[in-house]
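We count ligands from 1, going down the list as the structure has it; atoms in each ligand are counted the same way. What you see is a predicted model; the values in this text were computed from it and never measured.
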Amino acid sequence: MSANANHPFPAQPISAHQARRAALASRLGPGIAIVPTTGETARNADSTYPYRFDSGFFYLTGFTEPDALFVQLIGEDKVENILFCRPKDAEREIWDGYRYGPDAARDAFGLDAAYPIDELDERLPQLMANQPAVHFALGADSQWDKRLSGWLNSVRSLVRTGVQAPTRLNDWRGPLGEMRLGKDEHELAVLREAGRINAAAHVRAMRFARPGQMEYELEAEILHDYYRQGSRFPAYSSIVASGPNACVLHYGENNRRMQDGELVLIDAGCELNGYASDITRTFPVNGRFSPAQKAVYEITLAAMQAAFAAAKPGNTWNMPHDAATRVLIEGMRELKLLGGSVDEILETGAYRQFYMHRTGHWMGLDVHDVGDYQSNGAWRELRPGMVFTIEPGFYIRPAENVPKEFEHIGIRIEDDVAITADGHENLTASCPKTVAEIEALMARARED
Ligand code: GLY
Ligand code: MN
Ligand code: MN
């Protein structure tokens with residue numbers, strides 16, 4: 001990979017962030033928008049968790065340092081983009097490494113002005129003076145809520161000097177969420193690459209799997225392949241769930257020894273330049289599906305195909321889920337896990353014994369990305385640029401209506417799709433998922 005000119009994957013151009021700022025300003029209207037990033041989080045003593053910037057802040061700025069805040073002054077015919085960030089500090093940089101500082105950040109990220117973050121309390125009241133509205137994510141972080149109250153009170157204390165305090169508070173999360181829901185070409189390029197990297201890592205796990213290994217050994221293969229390919233972080237905690245653990249939806253201990261004859265479900269995603277990928281594959285630890293495993297797997301895959309067929313512009317958000325659910329229910333009837341007609345089973349919700357989650361979620365900078373699923377009380381229409389997962393599952397815990405041969409089989413298959421002008425693009429298609437493909441790949445790996 002290191003010989004590849006496209007590696008590491010390039011950052012999005014500043015022009016992309018500038019276009020988003022302009023779009024946000026026109027959606028919000030006159031006022032001052034205030035968008036902080038996240039701070040660092042202590043793990044223990046002097047150690048912090050790996051830093052991850054706020055997704056909305058990054059979307060607008062491209063800036064990835066902690067302790068920063070983006071301000072947008074939106075006038076009737078002029079918009080000013082301002083960054084507050086950590087000041088240059090020769091001493092701190094010896095310990096912690098390079099930081100931009102306001103001047104270099106302003107130039108590198110195409111901003112109108114930048115100031116040290118420690119000038120926030122002095123400058124924010126001045127910037128808020130005479131603004132008609134404050135655009136702010138109230139309630140997202142109580143510390144920032146408190147700071148905002150302080151700034152507002154500072155402006156109000158100046159009213160006798162002729163200054164007017166903002167009178168309207170408006171949440172930017174709705175408009176920004178709507179923007180982030182429609183991915184632009186730059187975002188689609190990153191998501192496509194994240195999908196490719198993630199697919200390759202899942203293939204590596206299939207190749208390495210052997211009975212007797214610990215689940216975390218497969219997790220290690222996945223993470224190894226992410227880092228090697230330039231994804232520096234997983235997008236979420238990896239699930240490597242063998243045998244009965246596959247029926248625990250958010251299993252994450254990954255510390256069980258995998259047995260011959262079992263399936264292993266791996267739900268893992270890499271993050272590339274801030275963008276997530278989210279793949280689940282379920283495969284036999286020993287490389288061969290048993291007849292019962294294969295039967296359940298084929299039903300789940302057929303449900304996925306039905307969802308794919310419904311993932312196209314003009315359809316609504318619920319249609320892939322409804323299509324997948326019907327196929328799963330037909331399968332539950334075929335396997336004699338449930339009686340009654342498909343419509344009856346839908347009506348009573350009895351299928352939830354084996355399928356208790358929805359078939360997908362928006363995906364982007366956050367693995368469960370922002371954006372409403374309904375609009376005016378109706379499921380929203382799919383349109384080009386929307387990116388989401390398709391992830392039907394079939395989970396069979398022991399119960400009176402469950403024959404022994406199906407006990408503890410848990411299957412989920414998950415890909416990421418982007419709606420296009422005439423259908424969808426599967427961003428993770430390079431990860432094999434038919435029984436024949438998986439068995440062939442695992443057989444080859446055992447000959448090597
Ligand atoms: N990996 C999280 C999800 O599939 O939703
Ligand atoms: Mn998912
Ligand atoms: Mn997943």
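Interface atoms of ligand 1 facing Glu414, defined by a heavy-atom separation under 4.0 Å, are 4 (O). Heavy-atom proximity to His361, at under 4.0 Å, picks out these atoms of ligand 1: 3 (C), 4 (O), 5 (O). Near Tyr236, with a cut-off below 4.0 Å to any heavy atom, the atoms of ligand 1 are 1 (N).
Taking only nitrogen or oxygen atoms, main chain and side chain alike, Arg412 does not reach within less than 3.5 Å of ligand 1.
A donor-acceptor contact closer than 3.5 angstrom links the side chains of Asn198 and Tyr226.
Within Asp267, OD1 is the N, O or S atom that lies nearest to the Mn ion (ligand 3). In Glu391, the N, O or S atom that comes nearest to the Mn ion (ligand 2) is OE2.
For Asp343 and Arg326, the salt-bridge test passes: some basic side-chain N is under 4.0 Å from an acidic carboxylate O. Between Arg99 and Asp67 there is no salt bridge, since no side-chain N of the basic residue sits under 4.0 Å from a carboxylate O of the acidic one. For Arg383 and Glu178, the salt-bridge test passes: some basic side-chain N is under 4.0 Å from an acidic carboxylate O. Remark: Glu447 does not engage Arg444 in a salt bridge, criterion side-chain N to carboxylate O under 4.0 Å. With respect to the salt-bridge test (charged N to carboxylate O, under 4.0 angstrom), the residues Asp372 and Arg380 do not qualify.
Using a cut-off of 2.8 Å, one finds that His368 contributes no N/O/S atom close to the Mn ion (ligand 2).
Remark: at the Mn ion (ligand 3), atom OD1 from Asp278 and atom OE1 from Glu414 enclose 80°, rounded to the nearest 10 degrees.
Atom OH of Tyr395 is surrounded by more than 12 heavy atoms from other residues, nucleotides or ligands within 6.0 Å.
By the 4.0 Å heavy-atom criterion, Asp267 is counted among the residues contacting ligand 1.
Among all protein heavy atoms, the one lying closest to atom 5 (O) of ligand 1 is His368 NE2, 2.7 Å. Summary of contacts: the protein heavy atom closest to atom 3 (C) of ligand 1 is Asp278 OD2, 3.4 Å.
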Query - side-chain contact (heavy atoms from CB on, under 4.5 Å) evaluation trace for Val417 with Phe388 - result: CA-CA 6 Å; Val417 300; Phe388 56 92; 3.7 Å; yes
